[in-house]
Amino acid sequence: MTDIRLTPLAQSLPASVPFVGPETQERARGAVFDARLGANENAFGPSPRAISAMAETPQWMYGDPESFELRAALAAHHGCTPANIMVGEGIDGLLGYLVRLFVSTGDAVVTSAGAYPTFNYHVAGFGGTLHTVPYVNDHEDPESLFAKTAEVDAKLVYLANPDNPMGSHHRGTDIVKAMEKLPEGTLLVLDEAYVECAPEGTALPLPADDPRVIRMRTFSKAYGLAGARVGYAIGHPELIEAFHKVRNHFGMNRAAQAGALAALEDHSYLAAVQQQIVRARERIAQIARDNGLTPLPSATNFVTIDCGHDAEFAKAVLDGLIARGIFVRMPFVAPQNRCIRVSCGTPAMLDAFATALPPALEDAKKS
């Protein structure tokens, strides 16, 4: 077939993916990883109640296209109404729908240089023009973001709190104060994927129906359901209703809905996982310090480690770890790309990381 009738926009875009998956890397190296510490998955796993609920879910039926029970439970959890909640195929899927609703060719969108790349991927896919601002002291900077938003008259501005890939965070009250300078007519896309891992006071303390912001949450991190792909948005009812114009109404499978509902209701298991995440962060930080590296403070389920040199050195460390069976990732924009990023894992996974890091560092120093 030689006449593939793509749109001009599609023809202009590279065929790429935001991340190279660990499975792809395993196929390339001809072996599985001993420790999977690069995708910020929850290695401690989901609630046993969620596992049972998914296993017992009949698979011959499509999932409820309204995710009615899950939306009702989420609304109760957040003290709002189901009209404030939209469930979708992970935050990635919801970001795609949101960008489709707001962005057409040439529309301005603002984000931080080096922030979550899947959002940028969606903006490019719908023809938007992406404007970036740098991190400030390894934090996304709301003031810089909102100033750039005003400068370019952006429709959307993206901010993650806590942040990926650096693990830093802002207090929710500080973001509220910064929003005083958010231009009228601009929607803040606040990605709170890691908020269950963060200190008290990180979540945005605003009503669910504040029209200036849409919040994105997920069951992929603290709840341990990355494979089920369940995310949700919290926003003004009119904005939430707009998702029905473009979303895949049968995108959420029935087992995923049941698993998320059971996970949400298992408060004691979530609390136990949060404690394991804290212990794993402390262990990763100590491993870094034992090897002369600097762990950055983390409010997430990963620790970003400053390798103390440039991006070339950090990439050499990463390559050395991968060669030794340890899957990790690294930021891709300077100056954050002086670091590697290590997800929280089980004690056995972190033992493997601790064993592999010293020789990986030695190889990097020789390269």
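Numbering starts at 1 and runs along the sequence shown.
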- [ ] Kindly say whether D64 contributes a backbone atom to a donor-acceptor pair with the side chain of Q257 at under 3.5 angstrom?
- [x] yes
- [ ] Taking the side chain as every heavy atom from C-beta outward, state whether T173 and P205 have any pair of such atoms under 4.5 Å apart.
- [x] yes
- [ ] Please report the shortest heavy-atom distance between P165 and Y135, naming the atom on each side.
- [x] CD-OH, 3.5 Å
TODO: State, yes or no, whether a side-chain contact exists between L101 and F243 at a heavy-atom distance under 4.5 Å.
DONE: yes
Task: Donor-acceptor pair between R329 and N40 side chains, under 3.5 angstrom - done: no
TODO: Please determine, by modelled atom types, if T105 and D107 share a side-chain donor-acceptor pair under 3.5 angstrom.
DONE: no
TODO: Flag the pair K155 / V109 as yes when at least one side-chain heavy-atom distance between them is below 4.5 Å, and no otherwise.
DONE: no
TODO: May I ask you to decide if M166's main-chain N or O and R341's side chain share a donor-acceptor pair within less than 3.5 Å?
DONE: no
TODO: Report yes if some heavy atom in the side chain of I85 is under 4.5 Å from a heavy atom in the side chain of P82; otherwise report no.
DONE: no
Task: Nearest heavy-atom neighbours spanning M216 and L94 - done: SD-CB, 4.0 Å
TODO: Please work out which of the three classes, parallel, tilted or perpendicular, describes the rings of H77 and H267, given edges at 30° and 60°.
DONE: parallel
Task: Transitive ILVMFWY side-chain link M179 to L187, under 4.5 Å - done: no
Open item on the list: For the backbone of P22 and the side chain of R36, can you confirm whether one donor and one acceptor N or O come within less than 3.5 Å of each other?
Closed with: no
Open item on the list: Less than 4.0 angstrom from a charged side-chain N to a carboxylate O is my criterion; do R212 and E180 meet it?
Closed with: no
Task: Electrostatic pair K148-E151, nearest N-O below 4.0 angstrom - done: yes
Task: Qualifying side chain to side chain donor-acceptor pair (under 3.5 Å) pairs with a residue from residues 276-300, counting only residues at least two apart or across chains - done: R283-D351, Q286-R289, Q286-D290, S298-T300
TODO: Would you check if the distance from the ring center of F102 to the ring center of F126 is below 6.0 Å?
DONE: no
- [ ] Return the minimal non-hydrogen interatomic distance between I214 and A233, and the atom names on each side.
- [x] CD1-CB, 3.8 Å
Open item on the list: With a 6.0 Å cut-off on the ring centroids, do H122 and Y158 count as close?
Closed with: no
Task: Closest heavy-atom pair and its distance - A208, R215 - done: CA-NH2, 3.5 Å
Task: F33 side chain near I322 side chain, heavy-atom distance below 4.5 Å - done: yes
Task: pair Y269-R49: side-chain heavy atoms closer than 4.5 Å - done: no
TODO: Taking atom types as modelled, find out whether N301 and Y194 have a side-chain donor-acceptor pair closer than 3.5 angstrom.
DONE: no
Task: Face-on cation placement of R247 at Y97 ring, 6.0 Å and 45° thresholds - done: no
Open item on the list: Just so I know, are the side chains of Y121 and L95 near enough to count as touching, which here means a heavy-atom distance under 4.5 Å?
Closed with: no
- [ ] Decide yes or no on side chain to side chain contact (heavy atoms under 4.5 Å, CB included) for V230 and L70, but give the supporting numbers first.
- [x] CA-CA 10 Å; V230 187; L70 181 56; 4.0 Å; yes
Open item on the list: Donor-acceptor pair, distance only, cut-off 3.5 Å: does the side chain of Q274 make one with the backbone of E196?
Closed with: yes
Task: Test item: T218 side-chain N/O and I91 main-chain N/O as donor-acceptor pair under 3.5 Å - done: no
Open item on the list: Between H236 (side chain only) and E238 (backbone N and O only), is there a donor and an acceptor less than 3.5 Å apart?
Closed with: yes
Open item on the list: Could you check whether any side-chain heavy atom of V110 comes within less than 4.5 Å of a side-chain heavy atom of F146, counting everything from C-beta outward?
Closed with: no
- [ ] Look at the side chain of E192 and the backbone N and O of L204, then say whether any donor-acceptor pair between them is shorter than 3.5 Å.
- [x] yes
Task: Any donor-acceptor pair under 3.5 Å from T202 side chain to V195 backbone - done: no
Open item on the list: When you group the ILVMFWY residues by side-chain heavy-atom contacts below 4.5 Å and let the links chain together, are V189 and I240 in the same group?
Closed with: yes
TODO: Would you confirm whether R338, through its side chain, and G308, through its main-chain N or O, come within 3.5 Å as a donor-acceptor pair?
DONE: no
- [ ] Taking E140 for its side chain and A160 for its backbone only, find out whether a donor-acceptor pair lies under 3.5 Å.
- [x] yes
Task: Minimum heavy-atom distance R29-A323, with the two atoms named - done: NH2-O, 3.6 Å
Task: Closest approach of L261 to A73 (non-hydrogen atoms, all atoms of both residues) - done: CD1-CB, 3.4 Å
Task: side chain to side chain donor-acceptor pair (under 3.5 Å) between Y232 and N84, worked out - done: CA-CA 10 Å; Y232 62 99; N84 295 113; over 6 Å; no
